[in-house]
Structures are given as structure tokens and as C-alpha cells.
There are 2 protein chains.
Amino acid sequence: MHFTHEKEREEKVELRQIRYFIEVAKREHVTEAADALHVAQSSVSRQIFNLESELGVDLFIREGRNVKLTPIGKIFLERMKHGLNVIDEAEREVREYLAPEKGTIRIAFPISLAAHTLPTAIYAFRKQYPDAKFILKQARYQELIEGVVKGDFNLAMIAPLPPSEERKVHRKILFTDNIVALLPLHHPLAKKDSINLRELKDDPFVVLPEGYVFRDMVINACHDYGFSPTISFEGDDIDALKGLVSAGLGIALMPEVTLVDNIPNSTVKVRLNEHSVKRTVGIIWPTQRALLPTEKLFFDFLNEFYTRLVHFNQ
Amino acid sequence: MHFTHEKEREEKVELRQIRYFIEVAKREHVTEAADALHVAQSSVSRQIFNLESELGVDLFIREGRNVKLTPIGKIFLERMKHGLNVIDEAEREVREYLAPEKGTIRIAFPISLAAHTLPTAIYAFRKQYPDAKFILKQARYQELIEGVVKGDFNLAMIAPLPPSEERKVHRKILFTDNIVALLPLHHPLAKKDSINLRELKDDPFVVLPEGYVFRDMVINACHDYGFSPTISFEGDDIDALKGLVSAGLGIALMPEVTLVDNIPNSTVKVRLNEHSVKRTVGIIWPTQRALLPTEKLFFDFLNEFYTRLVHFNQ
DNA sequence: TCTTTTTCATGCGTAAAATGCATTGATTAT
DNA sequence: ATAATCAATGCATTTTACGCATGAAAAAGA
């Protein structure tokens, strides 16, 4: 058969230009990008100019002394972030090939696992692989899933585990975590070992703000047991909730792991009799990409670690 | 290569190196790759060396005077092909953004659509967009689907359309094409306007070789009407079948479009009464990627073109 | 076996590209 | 009005890529 030929150009786009472009694009600021790249501003400016003339398209609008992405520039940015990501990953994969135990794990996590769960796992992993490095990123629930899909990171701890209908990520449960009540020390129920959720129906609740998955879990759990909680205050994170309870401004439900080694002053942890009030803690990873060698190492470790831990606790 | 003093370079991998690497990798031959790239052999050799020292990994095994990919080299090749593809696509997208009608359409097709269907469509398209360019690739049935999935091309004409359970590609029917019989001029049934497939049950069939989808379609159609065809000869493509029929070595079934303006000497086209003996002709495109501007233009054109054509024929 | 050819690697001078510095010209903040 | 900030550009310098010539090793041919 027959092939039409593309006209051959001499100049080709190079990764250097793409790297510079991405830095400039996400800051919309040449000088700052140059600082971040540890090169002179003139150098960046010139490479952007070259890139634009090679493509034959304006990527930035020069407005006074600022630069702004054009519409096509935004499209180009998205594509280039993806492409550069693929190449960077491949590079890391190859570099780690010979010595996975010295590589890097990029992992994201929600705030509720930041204090105890993740540090414990990392500590245990590093006893076995002391040269492994971690890049940690705290993120909100939806960001965790999107980040794994988009390629910002390849692993994310998450709770609760998203439904398996989510085709976009693989998922694996690590353990289930009880939800417990945190009460002020002087609360009438504070001396009890465990209570029924319904006993809290007239108490003021402190919860996370709208949009947090755990807030909805708390409210739904109450509904399941026949009441609508009165919300007295909202706190931006788990620690804020602890502070509010500690100050006597209400009671809170929270995952038990957030209280390990860390029960605030003037508060008491009380178990719930309802065994269904719990959440799953697990890990998600991409369906479209493979884990890098070191990440695979950590992933396998996590599975074994929690299998043994759960077994031990029973 | 030997790493005695692995000094950490500050250098980063560049697309030039990746382009050179891919050429060398797929040929396993430095000199030929250099020729294809229009640069000196020494230049390629050096860039490969640089790439390997930057990655800290051997990508090739030097065996005597040839080079062979290492296992990790093969992995790296796959990743890099993907990454470079993403970047090249983005580049073309941006280039075509300002003038889609002057861009390039990459499209693959099976041999059966090469003679009439695709040329007709391209001819009509180019009347409307004279500056559009085409890169055409003939491929076998499975290669068409895999090529669209893998990103070798974004569009493929295909017949029959793969089942919609194939989640990996989008699909759209363009028209249905009758299967007709091609008989030698002196065949007893040659004077009839149309026949029943069963009337051919004792004739020797010439068909495509094993592995072709259309071969299976022919045999299955015969089975559907109660007989197993006797196969006298196999021909490597549709034109070979025509030649065999023309030489009186058997009869053949073929899609009607392959006979438009092109009925061989000493043969006759005879319709089949069975209306179920037909095949769908359609187009597939990736689920994971978007069509480039010019490709979108052609895609929309095809849909409109065949909508009108089918309407006109009814 | 000895020669010739093929092939990849490398030393070296040259060409091309990227960089940094200094400066310009324009815009914004004080 | 003055100073500060910023992107672009001219120019000298450094860095990198390149081609040529050559070497070393291996395969092919005589």
C-alpha cells in the first residue's frame, strides 16, 4: 500500500522545553519558574519562545508583565503533564530495577490515617528496607481516587474503601477500623465501657465540615439507629474535633486508630455496642499502570503486615 | 558497559535520546538506526551510551558486533514508545489546532476496503478539504483493533465491526455490505441474476488463508445454510481470489464493494438470495484518547457521507 | 588460515544550542 | 513621581551534539 509523507521538520520538541513549559504554566510566572528550575530567567524565556515557534502556536498571552496560558496552552499543558509523567515513571522504574529496596514510594493518604496508621506501617517497612524513601501527600477523599487515576501517585491509603464499582482503580482492604465515641470526661456516659449509639441521640455532635466522607458516615450511622444528630460545631480536621470535645463543646465519633496513643486531655474513648459501625481501611492503585518496583515492595509488605496484624488481634 | 565510577550526572533524559533509543531498539542495529535518523552512527552510539549511564542500567547487551535489548531494555522500550506517543500526539494536536483542515489523518484499514471503499471516502473528503493529508496503513483484522488500543493510529476502518463487548474501542457502523458470489463465466449458474447459497454446495471454493476473519465468515455462512464448503485453493488476498476464480479454479464469496468497478475478466457477480449473508463495515477509535482535530473532521465527514449514501440508495 | 567486511565504540575538532549576565522597555506598586 | 518588578533580547561563554576518522572485535568470505 501507499503512505503519504509528513513534511520533515528539523527542530524537534525536547523534554527540556516541556519541563520549562510546565513550570511556567503552573505558575504563570517566568521568573519564579526559572528559580524553581535553578536556571536564569532569560533561559526559560527563550526556551518558551522556541517551543512556541516550533509548534507555530502561542501558548501564553503576554498581558503587561504577566504571562497567561492560552486555551490551546491549557490543552497542551494537560497532555504534556501526562506525557512527562509516563516518561518519568518509566525512568524511575528502570532506575529502581536493579535495587528496588533503595527506591522511592509515592503514596497519598487521608488526614485520618496521618497520625497513626501510615506512620506505623512506614516505620515497620523501613525496619526491613532502611534505604527506601517516601514521598507522602495528604489529600481529601476524592483527590485520593482522582490522583491515582490521573497518575499523580500510584498508591493511596483510603478509608472507607470506595465501592468496587469504581472501575478506575484497583482496591484492597487492609483492615476494618471501629468507630468509637469520644466524650468529655464529665459526660454522664463517660464511665461506661461501651454504649449504644442511640444513647447519644440528645447530645450535641461535633463533626467534620460538609464534603468530608467521614462526616456523612457519622450522620448516616445515626440515621441507621433512628435519630438525626444535633450538630453543635464543625472542625476542619480530626484534631480540631478532639479539641472541641476536650473543651466540652460536644461529643464526636471517630475511627479508633486516630485515638491510638493519642487520647486528648479531659476526654474519654467509649466503644459502641453496634458492631456494624465501622469503616474499612484499604489501599487503591491504578488499573491502567503498573506499580513501580519499590512501590510493589511496599504494597506486598502492607498486605502481609495487616494480614498478620489482624490475625494477631483475633 | 561497565560502571566502575558511577558518577551522578545532573543531566536529565532528553527526547533525542529516547528517539534514538527507540530506533536502535526496534532494529537492534545502531548503524541502521543512524541511517533512519539521518545522523552519524557515532552520534547515536554516544547518545545510547549517555542514556544508559544516566539511567544506571544497561539497556543493550553487546554481543560481538551486534546489540540486543536486555529484559529491562524491553520494558523501557514499551514505556518510552507510549510516552513519546503521548507527546507526539499532543504536538500534532496543537499544530493542527489553528488549521485542522490542513492537518493529517492517520487511518488503518483491512485489505478488503483498500480498493474501493477507502479511496472513495478519501477522494470525497479531499474535495472538501484539499489540504488534508493522509497516512494510510493496511493491517490485518486483529492488528486494526490492537493498533487503535495501543495508539499506533486513532482511526481504523474495519469489517466486520467487532462485537460491542470489546470495551477497548469505540465503534460505529457506516454501512452494511452484501456478500455476493463470484463465478467463472462458464459456470452453470452464471446467467442467473441471483441464487441460493445452497446451490453452490458442490462447487469448489477459493478462500482466504486461515486466520482471516473473512474466511471464517464464508465458511460459517455455508454452515448456516447446511453444508461444508469444499476448499480447492487459498489466495492471500481478495485480488488473488479473483484471479483464481477467473482461471476457473473455483468459485468465491466476497464483499460486494470489492467488485465495484472491478469485476475480473471471465467472471460474473451473482447476488445471493439470503439477505442475512452480509457484513458490517464501520470505524473504530480509541476509548482512552481523543481524536486529533483533523481526524475528528474526517470522522464527522465519514458519518455524514455514509448516512447520505445509504439514504440515497434506498 | 588469512583477508575483507561489518559493526560498535571512541578521540578529537567543529558546529550548534543552551546558559548567564546585563540591559531594555513596559507595567505595576508605593 | 519614583521605585520595583517582570518578560524579552543582545552578546559572550559554556555546554552539548555532531561528523569524521580510526580502533578493536567479530563475522564472512576466499
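To find a chain, count down the sequence lines: A is the first, B the second, and so on, and within it residues start at 1.
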* Closer than 4.0 Å, any side-chain N/O of B/T31 to the OP1 or OP2 of C/dC8? ->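 Result: yes.
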* To do: Considering just the side-chain nitrogens and oxygens of A/H29, establish if one lies under 4.0 Å of OP1 or OP2 belonging to D/dA7.
  =>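 It does, given that an N or O in the side chain of A/H29 lies less than 4.0 Å from OP1 or OP2 of D/dA7.
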Distance, rounded to the nearest Å, where [X] contributes [atom1] and [N] contributes [atom2]:
X     : N      : atom1 : atom2 : result
B/N50 : C/dA9  : CG    : C1'   : 12 Å
B/Q17 : D/dT16 : CD    : P     : 11 Å
A/K12 : D/dA17 : NZ    : P     : 16 Å
B/N66 : D/dA24 : CG    : C1'   : 15 Å
B/E14 : C/dA17 : CD    : C1'   : 12 Å
A/L37 : C/dG20 : CG    : C1'   : 15 Å
A/Q41 : D/dT9  : CD    : P     : 11 Å

* **Under-3.5 Å donor-acceptor pair between B/S42 side chain and D/dC18 base** =>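 Counting by modelled atom types and ignoring angles, no donor-acceptor contact under 3.5 Å is found here.
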* Asked: For the side chain of A/R65 and the base of C/dG25, is some donor closer than 3.5 Å to an acceptor across the two?
  ->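 No.
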NZ/NE/NH1/NH2 to OD/OE distance under 4.0 Å, [X] and [Y]:
X      : Y      : answer
B/R106 : B/E89  : yes
A/D300 : A/K296 : yes
B/R92  : B/E96  : yes

* Return the 5'-most residue of the pair B/V30, A/R46 with respect to DNA chain C, ranking by each residue's nearest nucleotide. =>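 Going by which nucleotide is closer to the 5' end, it is B/V30.
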* So B/E28 and B/N66, side chain to side chain contact (heavy atoms under 4.5 Å, CB included) or not? Walk me through it. -> CA-CA 7 Å; B/E28 304 209 317; B/N66 20 350; over 6 Å; no
Base, sugar-phosphate or nothing for [X]? Non-hydrogen atoms, less than 4.0 Å.
X     : result
A/Q47 : sugar-phosphate
A/S45 : base
A/F60 : nothing
A/R16 : sugar-phosphate

* **Value rounded to 0.5 Å, distance of CD1 in B/I145 from CZ in B/R140** =>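 The CZ atom of B/R140 is 12.5 Å from CD1 of B/I145, to the nearest 0.5 Å.
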* Of the nucleotides D/dT9, D/dC18, D/dA8, which one has an atom closest to the side chain of B/Y20? ->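 Among the listed nucleotides, the one closest to the side chain of B/Y20 is D/dC18.
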* Mapping B/V44 and A/E32 onto DNA chain D by nearest heavy atom, which one lands closer to the 5' end? ->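 The residue whose closest nucleotide sits nearer the 5' end is A/E32.
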